Amino acid sequence: MNAGASTGGAGVRIEIDDIQSGALHPRPAPYVGRFIFLRVADRHAGRSLLRRLLPAIEGGLPSVDPSQDAWVAVAFTYQGLRAMGVPQESLDSFPRAFRQGMAARADLIGDLGESAPAHWEPPFGTGDVHIALSALSPDAARLDKALERARIAYQDTPGVQVIWQQEVHQLPTGRTTFGFRDGISHPNIEGLGLPGSNPQETPIKAGEFILGYPDETGNLPPMPSPDVLGRNGTYVAVRKIHTKVAAWRQYLRANTASAQEEALLAAKMVGRWPSGAPLTLTPDHDDAALGADPHRNNDFMYRANDDRGFRCPAGAHIRRTNPRDATIIGDARMHRLIRRGTSYGPPLPEGVLEDDGADRGLVGVFIGANLERQFEFIKAEWVNDGNFIGFPGEKDPVAGHHGGTGSATIPEKPIRRRLQNLPSFVVTRGGEYCFLPGLRALRWLAELED
Amino acid sequence: MTPTPDATPSAQPERPGMRDGVCSEFTVFTKIKPGHADALREDLATLAGGSSDTDARAALRQIGTLHDARHVIFDNDTRHMFASVFDGSWDTYIDDFGKTAIGGRFDKVFSHAEGFPGITDPKIKDWFLAQQAPAGVFVSSYPDLTVQQIWKDQRVNEAFQAVLDTPEFRAALDNPANAELLATPAFQKLMEEAAG
């Protein structure tokens with residue numbers, strides 16, 4: 001455990017030890033993890049569970065070396081806070097997106113067609129998910145150790161039911177199911193004492209990620225009441241995303257004439273090469289050493305050398321979801337997120353183009369203090385539309401739901417390339433909005449009376 | 001109009017304006033603070049034209065989603081109407097604008113309105129919503145086009161017309177080497193537009 005508090009810019013003291021480790025911590029690599037959804041029969045069961053769970057939940061940043069750490073985090077849906085018996089006045093003080101839940105926001109964030117809540121995997125979107133436990137660790141032994149106390153808590157508390165579990169793990173390739181290194185980018189948060197992954201990023205105000213501190217607007221983020229419940233908490237959007245890896249490979253094969261072209265087209269859609277090397281730094285070929293170097297693989301901006309996107313297209317996945325200083329409508333710093341992607345299911349063996357029927361994909365965790373301005377804005381404006389970069393109607397080629405009619409522009413001289421009739425490469429299996437309280441707030445929840 | 005009491009302070013407003021295609025209308029009616037009409041009129045004049053016309057254009061460039069907007073002072077200098085058309089929704093980028101010169105422009109105009117909390121106030125969306133009166137009818141002649149698309153279309157057309165003005169292009173059309181290109185339906189469509 002490091003120092004109890006650090007001082008942010010403008011003298012803002014951040015109570016790091018009151019913030020759950022699971023909020024701010026970058027994902028280890030390699031990693032194994034588990035997501036566990038619980039339903040509680042009533043407020044007494046919920047509070048009893050939480051009292052037993054508390055010793056398993058750590059605050060702070062246990063180490064600067066993420067490969068040393070394992071942690072368990074506990075978060076609540078709106079239904080979960082209701083089930084815990086949080087007073088109505090307090091429930092009403094939460095922002096609307098959180099109160100409604102992700103399923104109710106499906107139109108807004110583009111979960112339509114095969115990704116619509118009607119097709120979600122239960123218990124996503126049913127209102128039954130009350131508590132979301134998540135644990136991440138560099139290896140299975142430390143994961144089991146970290147989860148042991150939590151497991152005893154939820155197994156031994158009457159009225160607590162495990163309704164869903166998902167194992168996640170780094171694939172043997174060290175890459176996502178699509179074949180790309182991930183877990184590279186982490187925002188530079190002011191006053192945290194945890195370096196961001198891009199040395200060129202001006203620190204983002206802590207209030208963009210943690211309630212109770214000034215945010216980029218200069219105000220305190222809207223915080224639920226009472227103060228003890230909101231302070232040092234944050235919001236988490238959890239999503240299970242199925243990846244259509246065979247469809248991805250088939251699309252690349254069908255639209256290119258050589259293995260080299262195939263690799264380049266994939267990189268143009270993602271914004272990085274498989275090694276993680278960014279196109280903006282190495283536009284013509286992969287660079288394994290660059291991709292593997294955490295000091296260099298995210299050390300870039302767009303405006304000075306790549307504003308038009310001839311290296312990394314403005315529509316590429318990593319540039320849409322983090323436009324840095326690129327010319328866009330609005331201010332990218334108002335829409336930052338902590339992203340933690342974790343893979344599930346077996347990899348599709350290399351070279352296989354036919355779907356093997358296996359379920360694979362990722363569980364994505366998106367953390368920020370303002371669901372609407374961050375997660376939902378990014379989905380609606382940046383992933384599911386392209387007006388902000390001057391390509392109205394175009395979606396993220398990788399993460400968008402295209403339904404066979406998508407298009408994507410790849411700037412090129414003399415003439416841009418335009419991908420047409422794009423299929424979808426991802427399907428939303430489900431998602432929940434959760435509130436991840438600080439440690440004092442957890443005790444407040446556990447000690448509620450009536 | 002009186003601001004509606006809001007039981008849930010952190011709730012984001014619904015979006016009551018009417019939509020046609022990619023854009024939507026946003027009209028607010030405010031009460032001008034007593035004695036502020038002339039100051040408002042002056043601010044509007046300063047912001048909209050004269051020496052700061054370049055600034056006004058630059059501001060529109062920066063917003064990038066505003067089709068048009070008008071400010072009207074009426075009811076014997078007691079009320080002010082702001083009527084506008086935005087791509088998407090008026091509030092999509094309101095937090096972003098708060099940080100820029102655009103926010104300053106909004107602040108200046110609406111500081112003459114009763115109850116205006118300031119553009120960077122967390123309650124700003126609620127305040128605008130309380131002043132908003134949705135249209136009964138809203139139609140656009142180009143419902144598929146965002147401002148970004150219109151600008152792009154304009155740039156492309158100007159470039160296209162400039163190409164048509166070059167004798168080299170005229171000569172290229174007569175060059176048999178280009179016959180194959182000229183015969184494609186896509187190019188024929190372009191030549192339809194080139195004919196006048």
Side-chain angles (χ1 to χ4, degrees), chain A residues 88-100 105 107-108 205 207-208 211 214-225 230 235 314 323 327-335 369-374 376-378 380-382 384-394 409 416, chain B residues 5-15 21-23 59-67 86-103 107 117-126 129 142-156 181 186:
Chain A
Q88 191 62 43
E89 189 192 350
S90 172
L91 291 170
D92 289 343
S93 70
F94 279 86
R96 193 174 62 184
F98 174 72
R99 285 184 281 124
Q100 292 182 335
R105 313 283 283 183
D107 283 3
L108 191 102
K205 296 286 180 204
E208 292 293 309
L211 301 180
D215 65 19
E216 286 287 323
T217 70
N219 300 299
L220 294 174
M223 196 162 86
S225 62
Y235 296 96
T327 300
I328 57 166
I329 298 178
D331 182 350
R333 293 169 57 79
M334 304 292 282
H335 315 284
N370 194 319
L371 283 170
E372 295 180 32
R373 177 157 63 75
Q374 295 169 321
E376 292 192 339
F377 176 97
I378 290 170
E381 302 299 324
W382 289 358
N384 294 325
D385 193 10
N387 196 52
F388 79 113
I389 46 173
F391 299 107
E394 288 192 358
T409 301
R416 91 285 184 269
Chain B
D6 191 352
T8 56
S10 58
Q12 298 295 318
E14 295 285 354
R15 291 164 176 159
V22 295
C23 55
L60 288 170
R61 280 273 150 201
Q62 198 183 351
I63 294 174
T65 59
L66 174 61
H67 287 256
F86 281 92
D87 290 318
S89 169
W90 64 274
D91 62 339
T92 306
Y93 290 102
I94 193 133
D95 296 313
D96 301 43
F97 296 152
K99 293 185 73 180
T100 66
I102 310 297
D107 254 342
I119 196 74
T120 59
D121 191 280
K123 302 267 290 173
I124 187 63
K125 285 191 191 187
D126 298 324
L129 192 71
Y142 46 88
D144 299 330
L145 298 179
T146 66
V147 171
Q148 296 294 319
Q149 193 64 53
I150 290 165
W151 285 342
K152 170 88 172 175
D153 291 355
Q154 189 181 10
R155 290 196 302 271
V156 170
L181 171 66

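No experiment lies behind these values; they were computed from the predicted model shown. Only this structure's heavy atoms are used, side chains among them; waters, hydrogens and symmetry mates stay out. In the text below, chain A, chain B and the rest are named by the order of the sequence lines, each starting its count at 1.
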Intermediate values then yes/no, side chain to side chain contact (heavy atoms under 4.5 Å, CB included), B/Thr65 and A/Asn387: CA-CA 9 Å; B/Thr65 59; A/Asn387 196 52; 4.2 Å; yes
Worked verdict on B/Tyr93 versus A/Glu381 for side chain to side chain contact (heavy atoms under 4.5 Å, CB included): CA-CA 10 Å; B/Tyr93 290 102; A/Glu381 302 299 324; 3.9 Å; yes
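Considering CG of B/Asp95 and CE of A/Met334, their distance stands at 5.0 Å, rounded to 0.5 Å.
A pairwise comparison of heavy atoms in B/Gln148 and A/Gly390 identifies OE1-CA, 4.2 Å as the closest pair. Closest approach of B/Gly64 to A/Ile329, counting heavy atoms only: O-CD1, 3.8 Å.
Interface residue B/Thr92: backbone and side-chain heavy atoms are both found under 4.5 Å from chain A. Of the two parts of A/Glu89, neither the backbone nor the side chain holds a non-hydrogen atom closer than 4.5 Å to a non-hydrogen atom of chain B. In this structure, chain A has a heavy atom under 4.5 Å from the side chain of B/Asp87, while its backbone stays farther away. Residue B/Ile102: no heavy atom, backbone or side chain, is found under 4.5 Å from chain A. Heavy atoms closer than 4.5 Å to chain B are found in both the backbone and the side chain of A/Phe388.
Residues A/His335 and B/Asp96 have side chains that bring a donor and an acceptor to within less than 3.5 angstrom of each other.
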